[in-house]
Amino acid sequence: MTTIEVDSTQELDIKLHDQIRSILEQKAIEVESTAKRLVASGGGGKTYLKGFVYRKGGKVYAVPGRTTAHTAGIAGGPPSSDTGRLLGSISHSISEGPDGLVARVGSNVPQALYTELGTKLAPAHPWLRPALFAATR
Amino acid sequence: MTVIVPDFMSDARFWLRRQSDLVALRGARVFFRIPPDAIFPLQRIYRTGGGMQQGGGGAPVQDILLSIECWGAAPDSPGATSSNGYDAVRSLVAATESAIWQLPSKTQINPTGQTLVVDAAVTNSIDSPDPDSGSPRYVVDSQWTVIHI
């Protein structure tokens with residue numbers, strides 16, 4: 001239970017606002033942590049050896065300079081971290097919008113959307129929606 | 001004791017393929033993976049998350065996040081017509097959301113009648129055209145609670 005001591009309604013407003021912001025931030029951190037855990041735990045799919053190829057629009061490309069093997073995630077499961085770029089980009093923010101406090105959790109790298117929703121050729125490897133779902137259970 | 005959790009994805013596909021409003025828009029084209037020679041519009045489903053409820057009784061209860069993608073033909077693709085593009089996808093999204101919201105509690109959704117839907121709700125709809133092909137695509141996220149009897 002949370003106890004708030006106040007002397008005026010204005011002070012109550014401020015303290016409630018701070019309290020709600022704190023709870024919202026805790027939830028956002030929880031979602032961010034779960035999302036990062038999911039991305040870090042992905043794997044179990046096909047393994048690509050050194051100099052592996054990737055597909056875009058049905059075409060196959062070699063990746064020069066690739067020095068390590070990569071095991072992809074299972075279709076429908078979380079993505080498998082390779083370079084750590086997606087994992088490292090997941091973050092959260094709290095802002096004051098016109099409708100009140102807003103928490104955002106996500107990533108700003110292009111592959112975030114590709115992995116989360118998949119493409120016509122590649123299955124989705126959701127990592128954000130399961131994290132959000134887990135936080136609301 | 002081994003608990004075999006029923007395959008909800010197959011149950012959901014079975015149910016989606018029998019919704020007359022949806023059949024009128026995309027036939028029985030509901031897939032787990034889009035076939036190479038697919039005719040649009042179509043739907044692709046996949047499970048996003050969820051799992052067994054803890055501490056349940058004898059019948060397994062699952063909370064499931066199911067994504068239902070609605071796909072149309074890419075504007076510049078050979079099979080593109082005026083009736084299978086973005087507008088068709090929008091109609092499919094509306095009909096899908098409607099079918100889920102109108103799903104009565106305790107509906108049996110699989111052929112053997114062993115999967116009962118306790119609750120189903122649309123949680124989100126995302127307009128996300130395919131970055132590879134440019135095909136119009138909407139992702140309808142839904143949350144289901146089902147009991148297996």
Side-chain angles (χ1 to χ4, degrees), chain A residues 30-42 44-46 53-61 72-79 86 102-137, chain B residues 7-9 12 31-38 40-55 61-74 76-77 79 89 121 123-145:
Chain A
E30 190 183 320
V31 174
E32 181 188 330
S33 304
T34 308
K36 284 181 169 171
R37 262 202 307 277
L38 284 170
V39 174
S41 69
K46 189 174 178 183
V53 295
Y54 77 100
R55 292 166 188 277
K56 187 182 180 189
K59 294 177 182 171
V60 177
Y61 297 83
I74 302 165
L86 172 62
V102 178
R104 288 186 176 83
V105 181
S107 161
N108 61 355
V109 298
Q111 65 263 44
L113 188 64
Y114 283 63
T115 53
E116 178 68 34
L117 297 176
T119 69
K120 190 174 174 184
L121 299 169
H125 293 286
W127 51 273
L128 184 56
R129 287 171 291 168
L132 191 62
F133 180 61
T136 56
R137 290 185 85 182
Chain B
D7 178 13
F8 178 73
M9 290 262 288
F31 306 107
F32 298 141
R33 285 189 174 196
I34 300 177
D37 53 351
F40 293 94
L42 58 82
Q43 290 185 307
R44 175 170 75 173
I45 62 172
Y46 58 90
R47 189 170 164 161
T48 317
M52 294 277 286
Q53 279 188 11
Q54 299 297 314
V61 178
Q62 290 197 88
D63 282 324
I64 293 159
L65 265 191
L66 184 75
S67 288
I68 304 165
E69 293 182 337
C70 303
W71 287 80
D76 54 353
S77 65
V89 171
T123 55
N124 203 10
S125 288
I126 309 163
D127 181 8
S128 178
D130 178 42
D132 274 348
S133 63
S135 297
R137 169 181 62 169
Y138 251 87
V139 185
V140 178
D141 284 330
S142 56
Q143 187 172 332
W144 300 65
T145 303

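Because only heavy atoms are used, hydrogens play no part in the values below, and waters and symmetry mates are left out as well, while side chains stay in.
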Handout entry: Value rounded to 0.5 Å, distance of CG in A:Leu117 from CG in B:Asp141
Key = 8.0 Å
Exercise for the section: Decide whether A:Arg129 and B:Thr123 meet the rule of one side-chain donor and one side-chain acceptor closer than 3.5 Å. Expected result: no
Exercise for the section: Side chain from CB out, backbone as N, CA, C, O: work out which of these in A:Ala134 comes under 4.5 Å of a heavy atom of chain B, or both, or neither. Expected result: neither
Exercise for the section: Name the region of A:Leu38, side chain, backbone, both or neither, that has any atom closer than 4.5 Å to a heavy atom of chain B. Expected result: neither
Handout entry: Proximal component of B:Asp63, with respect to chain A [non-hydrogen, under 4.5 Å]
Key = both
Completion exercise
Residues at least two apart in sequence or cross-chain that pass salt bridge (charged side-chain N to carboxylate O under 4.0 Å, His left out) with B:Arg47, listed by chain then number, are none
Practice task
Quick one: which residue pairs count as a side-chain hydrogen bond (donor to acceptor under 3.5 Å, both in side chains) with a foot in residues 117-126 of chain A, not counting sequence neighbours?
Solution key: A:Thr119-B:Asp132
Handout entry: Partner chain B: residue of A:Gly77, A:Pro78, A:Pro126 with the largest heavy-atom pair count (under 4.5 Å)
Key = A:Pro126
Problem - Side chain / backbone / both / neither for B:Thr48 at chain A, heavy atoms under 4.5 Å - result: both
Practice task
Report the distance from atom OH of A:Tyr114 to atom CG of B:Asp130, rounding to the nearest 0.5 Å.
Solution key: 8.5 Å
Practice task
Please tell me if the side chains of B:Ser128 and A:Leu113 come closer than 4.5 Å, counting only heavy atoms from C-beta onward.
Solution key: yes
Completion exercise
In terms of heavy-atom pairs under 4.5 Å with chain B, the winner among A:Pro123, A:Gly118, A:Ala131, A:Pro110 is A:Gly118
